[in-house]
Amino acid sequence: MSRKYFGTDGVRGRVGEFPITPDFVMKLGQAAGRVLRRRIQGHRHVRVVIGKDTRVSGYMLEAALQAGFSSAGVDVVLCGPIPTPAIAYLTRGQRADAGVVISASHNPYHDNGIKFFSESGMKLPDEVELEIERELDAGFECVESNDLGKAWRLEDAAGRYIEFCKSTIDSHVNLKGLRILVDCANGAAYHVAPSVYHELGADVFTIGDKPDGFNINDGVGATHTENLSRRVFEHGCDVGIALDGDADRLIMADAYGHVYNGDELLYVMIRDRMLREPVKGAVGTLMTNYALEKRLGELGVEFVRAKVGDRYVMEQLQARDGWIFGGETSGHLLVLDCQSTGDGIVSSLQVLSAMKRHGKTLAELTADLKLLPQVLINKRIEKGFDWKAHQPMTEAVARAEEILKGRGRILIRPSGTEPLLRVMVEADDKSLAQRLAQEIADTF
């Protein structure tokens, strides 16, 4: 069944335009509340935990969401600005029935969104989101006054999450002697992330830690790392950590010009864990660099690709017994015995622990992983163009795959937002990747 309001990461859009309007968000809260109450089927009040990032629209949407839940007879715990993964943790810690985050992640301030977590701290299953959509279409109906939900603030939400993050690494590991630059993206981690690293003993320098409601992700954070390595060097730091607006993704850098993406950081975590216990397998996406798949295969670690999107990575992990590692090149990383969702701070602590445990730099820890050059060509296509049945292209792809056996791979996928077909080729030689990508793109 197709979705009407929910995308792959909740409901998202430009503020003031449907569906990110106060009236719709209030209805969304009530519909979700009715679904939760029906599923609980008890006499107690259902309780949800709500957090948000630093966008100015968060004030408006938080009030609307609270009103919607209250009108459905659901109690609300307000946590204020806090990372998305903190809500996943606090939902479990508060024994709440669901968690809700008001955030548009790495998008600019004029966007916002609503995403839900189940009581287990994982994103809602598709069937629950579809049930909420059906309830939305059923109309708005307030409960009687004696059944309205109440709301209160969890004043120490940030402190609880800080302690949780610290608990995800071995108690004997500390960060003393490390100088760390932390880019908080002017987002939800601005008052949390620096404290985590500082309390673990690191010398901490911060940027992107002064949100004003409008500057979230504005030239800073995990999607703007072009100057991260230079800033690490200027501050005399060992490593730089860049989070995005809701702190669920992670990119790192050293002072020597290298920025480490999600593929490289996932490799560091897996290799570190392998020295202590077996690692059965790992999940990446269609965009994960072929070099990671090949290197893990050499180490005896099975590798599976999911569709792009951390929810699809999670689905693949849950379908396999004992698999805990997964991630995206963009920096969404999953370590399921530490956290139930992607968590930039928790993931960074796994990487920093590996550096401390082995006394090595990021460059040394990734020395045996040589990412393959990627060439991406976007070709505009006519609406309705059946590219899968386009014989000249399929023949060109077959020829290229024969050349690339053991040396790289080809990925062709349509854009989800534009009339474009994306042709991506990876190869151990960039000029070869460029030639093959161009040959494929020239066929249509």
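Just so we're clear, the structure is a prediction, and the values are computed from it rather than from any experiment.
With a 6.0 Å radius and a threshold of 12 heavy atoms from other residues, nucleotides or ligands, E439 has its CD atom above the threshold. Other residues, nucleotides and ligands contribute over 12 non-hydrogen atoms within 6.0 Å of the CD atom of E298. Crowding of K27 atom NZ: a count of heavy atoms from other residues, nucleotides or ligands under 6.0 Å not exceeding 12. Heavy atoms of other residues, nucleotides or ligands lying less than 6.0 angstrom from NE2 of H198 number 12 at most.
Ring orientation note: the planes of H235 and F205 are tilted relative to one another, at an angle of 30° to 60°. Between F116 and F69, the ring planes lie perpendicular to each other; the angle is over 60°, past the 30° to 60° tilted range. Ring pair F164/Y89 is parallel by interplanar angle, where below 30° counts as parallel and above 60° as perpendicular.
Using modelled atom types and a 3.5 Å distance limit, the side chains of D343 and Y161 yield a donor-acceptor pair. Counting only N and O atoms by type, the side chains of D248 and T84 include no donor and acceptor under 3.5 Å apart. Side-chain atoms of S348 and Y197 include a donor-acceptor pair closer than 3.5 Å. Looking only at atom types and distance, the side chain of T329 has a donor-acceptor partner in the side chain of D263 under 3.5 Å away.
When all heavy atoms of L371 and A291 are compared, the closest pair comes out as CA-CB, 3.8 Å. Of all the heavy atoms in I20 and V11, the pair that sits closest is CD1-O, 3.9 Å.
Under the 4.0 Å criterion applied to side-chain N and carboxylate O atoms, K123 and E129 are not assigned as salt-bridge partners. Taking 4.0 Å as the cut-off between side-chain N and carboxylate O, K4 and E133 do not count as a salt-bridged pair. Ion pair E364/R271 not flagged as a salt bridge, since none of the NZ, NE, NH1 or NH2 atoms sits closer than 4.0 Å to an Asp/Glu carboxylate oxygen. A salt bridge links D126 with R311: at least one charged nitrogen is closer than 4.0 Å to a carboxylate oxygen. Under the 4.0 Å criterion applied to side-chain N and carboxylate O atoms, D368 and R295 are assigned as salt-bridge partners.
In this structure, V259 and I251 have side chains that are in contact, with non-hydrogen atoms separated by less than 4.5 Å.
One distance of note links NE2 of H106 with NE2 of H332; it measures 7.5 Å at 0.5 Å rounding. Distance CZ/R435 to CD1/I440: 10.5 Å, rounded to 0.5 Å. Distance check, rounded to the nearest 0.5 Å: NE2 of H191 to SG of C184 gives 10.0 Å. Within the model, atoms CD1 of I132 and CG of L124 stand 5.5 Å from one another, a figure rounded to the nearest 0.5 Å. If you take NZ on K115 and CG on D9, they are separated by 4.0 Å, rounding to the nearest 0.5 Å.
Exactly one of Q374, E426, E401 qualifies for a side chain to side chain donor-acceptor pair (under 3.5 Å) with R409. That residue is E426.
With a 6.0 Å cutoff to the six-membered ring centre and a 45° limit on the axis angle, K294 does not count as a cation-pi contact of F303.
Every residue was checked against the ring pair (Phe, Tyr, Trp, His ring centres under 6.0 Å) condition with Y290, not counting sequence neighbours, and none meets it. Listed by chain and number, the residues in a side chain to side chain donor-acceptor pair (under 3.5 Å) with S330 amount to none (sequence neighbours excluded).
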Could you check R231 against E234 for salt bridge (Lys or Arg N to Asp or Glu O under 4.0 Å), going step by step and ending with a plain yes or no? CA-CA 5 Å; R231 286 168 172 160; E234 289 174 350; 5.9 Å; no
